[in-house]
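One structure is given below, encoded as structure tokens.
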Number of protein chains: 2
Amino acid sequence: MSDNHDLILKNLNLKITPKRLAVLNILADELVFVSPEEIWRKMKSRFKNIGLPTVYRILEELCEGGVISKIIHPTRQLYYYYCKNLNHHHHFICMSCRRVEDVNLCAAKEIEKQVAGNLKGKVLSHIIQVNGFCKTCSQKKAPDES
Amino acid sequence: MSDNHDLILKNLNLKITPKRLAVLNILADELVFVSPEEIWRKMKSRFKNIGLPTVYRILEELCEGGVISKIIHPTRQLYYYYCKNLNHHHHFICMSCRRVEDVNLCAAKEIEKQVAGNLKGKVLSHIIQVNGFCKTCSQKKAPDES
DNA sequence: ATTATAAATAGAAATGTTTTCTATTTATAA
DNA sequence: TTATAAATAGAAAACATTTCTATTTATAAT
């Protein structure tokens, strides 16, 4: 799996550094989305000297390269999530346990085309995010509803 | 139109204050999305004493009430936009001129249902935002592309 | 109209996040 | 092994947002 990450960095023309690999590994291992500060705290155990700006920079580079994805959170804080499926950047996020599930939105491309057609504009990107409670959490949260 | 805004505030159980009406008027007049600070600057000409926290609070109340909508911007800054169509909170935003256009996404409800069904979770909300350049700006921006 | 009351606000300050800057270190290609 | 361009630490600045308290204001009841 690490070789995979080496390759990812190479493809992005980024040097293969221990810290970049660590960020990739942390995000790849997590099923949930995490904040820059959380990633930084995780890294401090392995790297005695690690600056928060470094984490921000690495996250930005990886996000730029499409390897990870930003989560839109009600609080404007940034959160990141490792993209398992590079073609589907649309997700369901559980507001309780933070789990992220890829959403197979076949409608996405169609929507984009439709919008581009109607508005005669140029579409750069689109975001589809569904917020809610995952199966487990919704059972815990609202045992009354159905 | 001001009567309309009076009514909106009444329905939200918010007192009708000059500042709340001013925020509503500013957002209703703008075709583009604006930041809290920009709204604050506009208000300072009419209200000599107006605090930025007041603007934030009013925006939050209106957003809570569904009268305005938050824009997801690459920079984590908050932006707000007046909802002309209360039922369609999905939009196309022009990254150049900030114009916001409602997007008639009939797929939205279907997507939400699909996601809820597949994941067996509970959907609270969803966001569909298409980023790009509007017709005018895309003509200015990339005269080379078709 | 007047008054009582709860809501709204100003202003200051705190908080928290993200970015910028410079000197030092490190990965990589020659 | 070395040169060099990229990556990083650490401090500090910049910026956005929230919290707090005293004061003011809108509204409902007199």
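So you know, we letter chains A, B, ... as the sequences are listed, proteins then strands, and number each from 1. Computation of the quantities below employed the complete heavy-atom set of this structure, encompassing side-chain atoms and omitting hydrogens, waters and symmetry-equivalent molecules.
If you check dA14(D) for Watson-Crick or wobble pairing at under 3.5 angstrom, you find it paired to dT17(C). dA30(C) and dT1(D) make up a base pair, with Watson-Crick or G-U wobble contacts both under 3.5 Å. dA29(D) and dT2(C) make up a base pair, with Watson-Crick or G-U wobble contacts both under 3.5 Å. Nucleotide dT25(C) has dA6(D) as its partner under the Watson-Crick or G-U criteria, with both atom distances under 3.5 Å.
We find that CZ of Arg46(A) is positioned 13 Å from P of dT8(D), with the value rounded to whole Å. Atom CG of Leu59(A) is separated from atom C1' of dA7(D) by 15 Å (rounded to the nearest Å). As rounded to whole Å, 11 Å separates atom P of dT27(D) from atom CG of Leu14(B). Atom CD in Glu61(B) sits roughly 10 Å away from atom C1' in dA7(C) (whole-Å rounding). Taking atom CD1 of residue Ile58(A) and atom P of nucleotide dT18(C), one finds them 16 Å apart after rounding to whole Å. Following rounding to the nearest Å, Leu9(A) (CG) and dA7(D) (P) show an atom-to-atom distance of 10 Å. Between Ile50(A) atom CD1 and dT25(C) atom P the separation is 16 Å, expressed in whole Å. Per the geometry, CG belonging to Leu52(A) stands 15 Å off C1' belonging to dA13(D), to the nearest Å.
OP1 or OP2 of dG11(C) has at least one side-chain nitrogen or oxygen of Asn49(B) nearer than 4.0 Å. For Arg57(A) and dT19(C), the shortest distance from a side-chain N or O to OP1 or OP2 is not below 4.0 Å. Residue Thr17(A) has no polar side-chain atom (N or O) positioned under 4.0 Å from OP1 or OP2 of dA6(D). In this structure, Lys19(A) reaches the dA9(D) phosphate: one of its side-chain N or O atoms is under 4.0 Å from OP1 or OP2.
Between Phe47(B) and Ala22(B), the closest heavy-atom pair is CE1-CB, 3.7 Å.
The environment of Arg41(A) atom CZ is dense: over 12 non-hydrogen atoms of other residues, nucleotides or ligands sit within 6.0 angstrom. Within 6.0 Å of CZ in Arg20(A) there are more than 12 heavy atoms belonging to other residues, nucleotides or ligands.
Using modelled atom types, one side-chain atom of Trp40(B) and one backbone atom of Ile50(B) make a donor-acceptor pair closer than 3.5 Å. With hydrogens and angles ignored, the 3.5 Å screen pairs a side-chain donor or acceptor of Glu38(A) with a backbone N or O of Ser35(A).
With dT17(D), dT18(C), dG11(C) as the candidates, the nucleotide lying closest to the side chain of Tyr56(A) is dT18(C). Which of dA11(D), dT9(C), dT8(D) sits closest to the side chain of Arg20(B) comes down to dT9(C). Minimum atom distance to the side chain of Pro18(B) is reached by dA26(D), of the listed dA26(D), dA27(C), dA10(C).
Projected onto DNA chain C by closest heavy-atom contact, Lys15(B) and Lys48(B) fall at different nucleotides, the more 5' of which corresponds to Lys15(B).
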